[in-house]
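Before any comments, here is the structure.
Protein chains get the first letters and strands the later ones, always in sequence-line order, with residue 1 at the start of each.
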Amino acid sequence: MRAVDPKHVRAYGDTLDDGQIMLSFSLPVPFGEEAKEAARQLCRQMGLEAPQVYHAHDLGEGFTFLTVYARSPHTVDTTQLRVTKMDTPHLGKDAIEALASEKFTRKIRVLGACTGDDAHTVGIDAILNVKGYHGDKGLEAYHCLAVRNLGAQVSNERLLDEARAFEADVVLVSQIVTQKDCHRSNLAALIDLAEADGVRRDLLFVCGGPRLSHQVALELGFDAGFGAGTLPSQVAGFLVQRLAAR
Amino acid sequence: MRAVDPKHVRAYGDTLDDGQIMLSFSLPVPFGEEAKEAARQLCRQMGLEAPQVYHAHDLGEGFTFLTVYARSPHTVDTTQLRVTKMDTPHLGKDAIEALASEKFTRKIRVLGACTGDDAHTVGIDAILNVKGYHGDKGLEAYHCLAVRNLGAQVSNERLLDEARAFEADVVLVSQIVTQKDCHRSNLAALIDLAEADGVRRDLLFVCGGPRLSHQVALELGFDAGFGAGTLPSQVAGFLVQRLAAR
Amino acid sequence: MAGLVATFAPTPPGFGCPPLDLDAPTVARARQLAQHIAADVQARLADQSTVAIERTVLRLFGVTGATADGEPLANRLVAQLHAADLLAGGVAQPFCQALVHTGLTAQALAQAVADGRVDLRTHAGARTGQAQAVGAQLAQAGVARITARRQERQALIGRLGQGVQPLKYVIVASGNIHEDVIQARVAARQGADVIAVIRSTGQSLLDYVPEGETTEGFGGTFATQANFALMRRALDDVGAELGRYIRLCNYASGLCMPEIAAMGALERLDMMLNDALYGILFRDINMQRTLCDQRVSRRISALAGLIINTGEDNYLTTADAVDAAHTVVASTLINEALARQAGLQTDQLGLGHAMEIDPLRPDALLLEIAHAALIRHLFPGAPLKYMPPTKHMTGNIWRGHVQDALFNFVGVLTGQGIQLLGMMTEAMHTPHIHDRYLALESAQLVFTGAMGLGSELRVEPGGKLEARARQVLDEALVLLDEIAREGLMTSLSRGHFAEIARSPTGGRGLDGVFAKAASYWDPTADAITQALIAHGQLS
Amino acid sequence: MAGLVATFAPTPPGFGCPPLDLDAPTVARARQLAQHIAADVQARLADQSTVAIERTVLRLFGVTGATADGEPLANRLVAQLHAADLLAGGVAQPFCQALVHTGLTAQALAQAVADGRVDLRTHAGARTGQAQAVGAQLAQAGVARITARRQERQALIGRLGQGVQPLKYVIVASGNIHEDVIQARVAARQGADVIAVIRSTGQSLLDYVPEGETTEGFGGTFATQANFALMRRALDDVGAELGRYIRLCNYASGLCMPEIAAMGALERLDMMLNDALYGILFRDINMQRTLCDQRVSRRISALAGLIINTGEDNYLTTADAVDAAHTVVASTLINEALARQAGLQTDQLGLGHAMEIDPLRPDALLLEIAHAALIRHLFPGAPLKYMPPTKHMTGNIWRGHVQDALFNFVGVLTGQGIQLLGMMTEAMHTPHIHDRYLALESAQLVFTGAMGLGSELRVEPGGKLEARARQVLDEALVLLDEIAREGLMTSLSRGHFAEIARSPTGGRGLDGVFAKAASYWDPTADAITQALIAHGQLS
Ligand code: B12
Ligand code: B12
Ligand SMILES: Cc1ncc(COP(=O)(O)O)c(C=O)c1O
Ligand SMILES: Cc1ncc(COP(=O)(O)O)c(C=O)c1O
């Protein structure tokens, strides 16, 4: 049997290179053959072949929901993929503590908050609270860290004020609500404010949330970003190693 | 609020023109950040923006399953959609019988079969048997039709032999199995054989099955095609009107 | 007028939760403790009012609208008095006094005050008989408007009919009321019985209700009277077409509880998320403020025939689903008692519950059924609102869709009243137009197939299911006992609920609380009390 | 050697179907009638053999391979004798005679005959003592090979362990054995316990078994001994890695029933779809042919410790799910009797059932539970194979995924043995690689959550569920009574099952049936009988 060609990888249904993919979406087009044809045309514009509308449902109010299977001829060269990953190695709690006690004489001061109108504290709490996440202890359990958690709905202004008062080394920001990309504007605004206040260089700025990634965080001017399923030790490990490298 | 522009229709998630669509597929790429990036690249090749991998699952054996949401900037001009539809109007049983008794002096002879290796008789039976489908009586219940059902796994050769013997006016072919497009080759082969035998013009050739449509049937050289959910009266109405028009 | 209240869909015959053998004395004791806790809270707060309550008085008098810079007139007037420390007697007294003095309508007067043409502060003092009469008359008119909307609902339901329980409840949350309207109408066509318009993230902390139709929310759309009216009309239209009354739900919650309750009552909303405990725990709203506000909001809802939905369905998003299941039970019992004291009837008690059990945990379904059946048996006849496990939803929409289906199965098996439908995209975005359709279609499938099942199955006596229900009830009793001893407000500062601790003087909005003077007067409260007594909702 | 048979996973403690109060005399009578029907069929066919059976004898003697134009040697030899009307005494006699005469090995002899170097026809006649001894010895060797594979399975399961019931059964059907292997290994990693390799559409009507590894099937992949071996190795490898024995399933069905059973036994398949009734009804195979073939195939499977799966799960794809539910029950009882007469033990009876109830019909789930529980109670200890409603699957994958989840719930609630997992894309294509993953993940979710539920719930005595189960059983009894009176073959010509009528002399393959001469000799049958008696599977 032919082997996968890593330079020309296609989607796979049940046979190499069959390019099978599934799409689903709604169109503001009344239910009927025309809506199905519109769906097929949309797929063809994506370069897809032989689009088959398997399910079309009349949503009413001039809308149709469609589920389409099609063949994608597109190929990806997997030998050329570049992914922005955090470059610090993942350490366990003990290794982190050891590194910190070797490098620092005082505790690293970490200030966390969920900012803007966002009131989802579970994520930041999972990172900060002793209890931690998925059996991995939170930052409060680290001997080398001094942690303060401001909770939810903290404005960027207040966050920076508190950072000054707490003499923070690191600011951790959580953003969970992402509708209309409000997390991006909120986060970018924080960095702008920090620049304006002249404190951007003095602090490590780290953000997290289910729709964030290291790559997005860098784009927004942060030092690091953590996505869904992050473990506290990943965050602690990053902080200690990055500050140690300074 | 802005109204839908029928010349530039986009996919709709919760806001006009947000272009939200969902895709899912597998890639023969080992699970990990690279697989996610490969998925995003595939989406970008489709012209999609801001692809978000929401779910990636390690299938093992070097495969990854991915579910992606993205924004499609593509637009469809719904004022220019052309759909091949059956042009004969849909009549009820009584109207069909009336038309037939007016136009024909003898019964129309209808021969049906599920051909090739295909053994799915439920579809053709739904069209032919008295019982019918979804409360709509089958062709055997029509006074104006004389029906013979050859059942399943009938070869194209035998079908044409039987058509001759039965002095059929119409041949109904069902194709349910479609793997590797075998329905298309089977159906095309029947028409070729009928052409070679010189009987193509003497008979109406009609096909049906869940993956067939009028459009596909015409492409394959048939006179008509019927898809999923077809009612017997649609078929009877087509036959009688088409033959009456001859 | 009993039975007129929420006009809730009757349970179809032969459709009910399998019986559960609970210990009757334990149930009775738990309910008794809850009543004690509720009475104690009311007694402690009896002498306080809040700026929100006073603004509500004005709204019931007929004051609407905002200043050019968007400050609602009700806010401007109350804030002015509060700043001058002239609010202790209530806003009604100076306002009615000024009405008498100027001869203006309520709305015109409010506008005049905002424009600086009349100064309410100069009217503060003792109330005259004339002012008292004007106030009583305006309050009566307010009550009459609400009662009219309630009768309107009654008539519409009588004419159109309504969905079968569990009612299918879905949210719209585009942030833009016009998109919300489209999506709500689509949802109704796909089988939704209740449309909840989710609010923008920030609104619960706003100490005013924005004005007008809004198109810019995050994670939801602002609750405004104009938005209420727009959506009400849209649902009435589509409901008439479908031959099914479609209920509208919003949030009388946050810093403007009673005001929003009043607006909802005036615009014929049918349900309101309404829970001080939720605000305290999840929005850090001051407990004195919001418990005062809640009482008034619930009395208005009682009058309006609205169903309230409490927020216990949120507790286990922060606490452990199995260890803390009893906190949900304890809290619903307290919330029931608080609600009944405000005049809400059984068929208005849409107590919220959700168990957030990790669906991958062995016996997840067994535990879910045990908890759901327990709550069902504790509140017979109440239109319980049952919420799916949201926190265990991930980007895996496929498994999520099945999780939601299993949850829907538990809902219909245990005879819940209102089923908040989970969406497979829960972990990703507020629902897309078809997410709702898919959720509704799936729920309909499960409900149709399993409708009669609850009556055909029995719980194994002495088995695990029964044992779990009894255990949770026992744990709830212990907690209620503790709360009854220390008082609800102290308890809240101990973090018993949702693993969150709040102090009586912490949180937002305490500055809006004030001690009532002996002369405090609120004619709307009097009118509402009279009406509730007349309706048999209070005695 | 009892218990060694299918080595089926034991039911975990506390996990079982809620008890059902069936009428014991009705059950006893139904089973008695079924035994009578089965005995009658066997008696009528006792004097017949078929070309497929004779080819099986050769295969058990060790003959494999095909001629250059793809005709299997076994076919060539038997066809030659049959054409010359020299088959009535069985193929063993001339073949063994020729072996003695030429001194060749079985394989070499077969090749020589195919090449035209030896003419078997000249060896037909009475058998010599020498030939008899050679035949018995070859037959013994065949039985020994099968027994060795059976012991191998036993050892592997002992070492690796296996899945928990309901075993998760999925299909692979790419048409290409190499893609099938990839997909099967992926499925095993995602939790599959049984991999069924679906056959190409045409194979059941082929009167020979293709040779070699195949890459070109439609709707499935050809069953060949080489494909069996390839897949067996792949599953053994991944199973060793996962620490779980992965079962392999194929089809001993169609015109080559006993041959495929033999190949499966030799390649350590674990399950076989095996049902003459299915072939008669759904493939129009002649009933005399396939009932003869079936008996031999089942004896081989009995010996191999294979689980057979019967085809009643197909009946309601053509007949009405509710009206004809009793036909499924009647047929499983007959199939059980036929199976036991062939030496199959309880833990080899993977009787198939599926109810194909329209999921949108009210009480769909209630009926589904009633039917599933009825079959469960009729065959305690049997690894019942339970199939999802396939005919109600449509292009709506979303609803379909939920339908399958509900079905999985019924399976675990009623303690089924083998759960054929539905795929959301059922109406569209044979499964894509991730369709299987999604189905497995969903099933795992449902099974984990509901594992203990069957033991915690009881059926309401005298309720709808019990009544429905009793009604279906009563109807099955009436049908069995009728079949017992007229005989199975006459019944089949009346269309009692699946609404399809077949005549005893119609259909495919009758030309391959022949009357045995008095001298008929089949040493493999004798060896198998001895072994089955030795194992306590026959008496
Ligand atoms: C629990 C919950 C709530 C609870 C929150 C309780 C609390 N105190 O946090 C309550 C009920 C109060 C709530 C309310 C609302 N919610 Co909410 N909620 C959720 C829910 C169900 C789970 C979130 C959660 O707890 N996840 C578990 C944690 C552990 O995961 P996490 O947050 O991703 O955190 C991990 C990582 O991201 C990372 N991380 C997170 N932050 C940080 C920070 C740093 C520095 C680092 C390093 C890492 C890190 O580490 C964590 C551990 O791995 C989600 C849906 C879902 N299933 O995801 C919706 C959801 C987040 N909510 C949503 C909305 C819209 C709301 C409301 C606005 C709705 C309303 N009006 O009623 C309100 C208002 C909230 C507000 N003002 O912000 C939306 C957001 C939509 C969007 N994408 O914009 C979601 C997605 C639901 C939906 N589909 O509509 N919600
Ligand atoms: C029932 C069924 C069977 C039954 C068939 C019984 C019988 N006597 O027909 C049994 C169990 C025997 C069977 C066997 C197999 N099946 Co099958 N089967 C199905 C199933 C579940 C339902 C089909 C059905 O009856 N639909 C109901 C009828 C009414 O709908 P319909 O066929 O679409 O017909 C309507 C229209 O299409 C139209 N129509 C159809 N024909 C015609 C003809 C004319 C002239 C006109 C006008 C209209 C018309 O009108 C009908 C009424 O509206 C489908 C999955 C599914 N849910 O669709 C798989 C399915 C069709 N089977 C499939 C396969 C692969 C097989 C097997 C090969 C598998 C195997 N090896 O075991 C075998 C072998 C079959 C063979 N040799 O062909 C695949 C086909 C994959 C593909 N697209 O290629 C499917 C899709 C399942 C799957 N996902 O794998 N099957
Ligand atoms: C009682 C109650 N109020 C309010 C909300 C919503 O939050 P917000 O007040 O931020 O709109 C919820 C959410 O579930 C709730 O249960
Ligand atoms: C007993 C039995 N044999 C065979 C098949 C499959 O069909 P075929 O024989 O065409 O491969 C089935 C399908 O479900 C079956 O149940």
Would you mind telling me which of B:Ala11, B:Gly47, B:Gly13, B:Gly62 has the largest number of heavy-atom pairs within less than 4.5 Å of chain A?
->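 Result: the option with the highest number of such pairs is B:Ala11.
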Could you have a look at B:Pro210, B:Ala39, B:Ala38 and say which one has the most heavy-atom pairs with chain A under 4.5 angstrom?
-> B:Ala38
Scan chain A against chain B and return every donor-acceptor pair whose distance is under 3.5 Å.
| from | atom 1 | to | atom 2 | distance (Å) |
| --- | --- | --- | --- | --- |
| A:Tyr12 | N | B:Ser26 | O | 2.9 |
| A:Met22 | N | B:Ser24 | O | 2.9 |
| A:Met22 | O | B:Ser24 | N | 2.8 |
| A:Ser24 | N | B:Met22 | O | 2.8 |
| A:Ser24 | O | B:Met22 | N | 2.9 |
| A:Ser26 | O | B:Tyr12 | N | 2.9 |
| A:Glu34 | OE2 | B:Lys85 | NZ | 3.2 |
| A:Gln45 | NE2 | B:Thr75 | O | 2.5 |
| A:Thr75 | O | B:Gln45 | NE2 | 2.5 |
| A:Lys85 | NZ | B:Glu34 | OE2 | 3.3 |

Which bit of B:Phe63 is near chain A, if near means a heavy-atom gap under 4.5 Å: side chain, backbone, both or neither?
->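 Contact with chain A is through the side chain of B:Phe63 alone.
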side-chain contact (heavy atoms from CB on, under 4.5 Å) with B:Val4: which residues, sequence neighbours excluded?
->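 For B:Val4, the residues satisfying side-chain contact (heavy atoms from CB on, under 4.5 Å) (neighbours in sequence not counted) are A:Pro28, B:Val9, B:Leu16.
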Looking at CG of A:Leu66 and CD1 of B:Ile21, how far apart are the two atoms once the value is rounded to the nearest 0.5 Å?
-> 11.5 Å
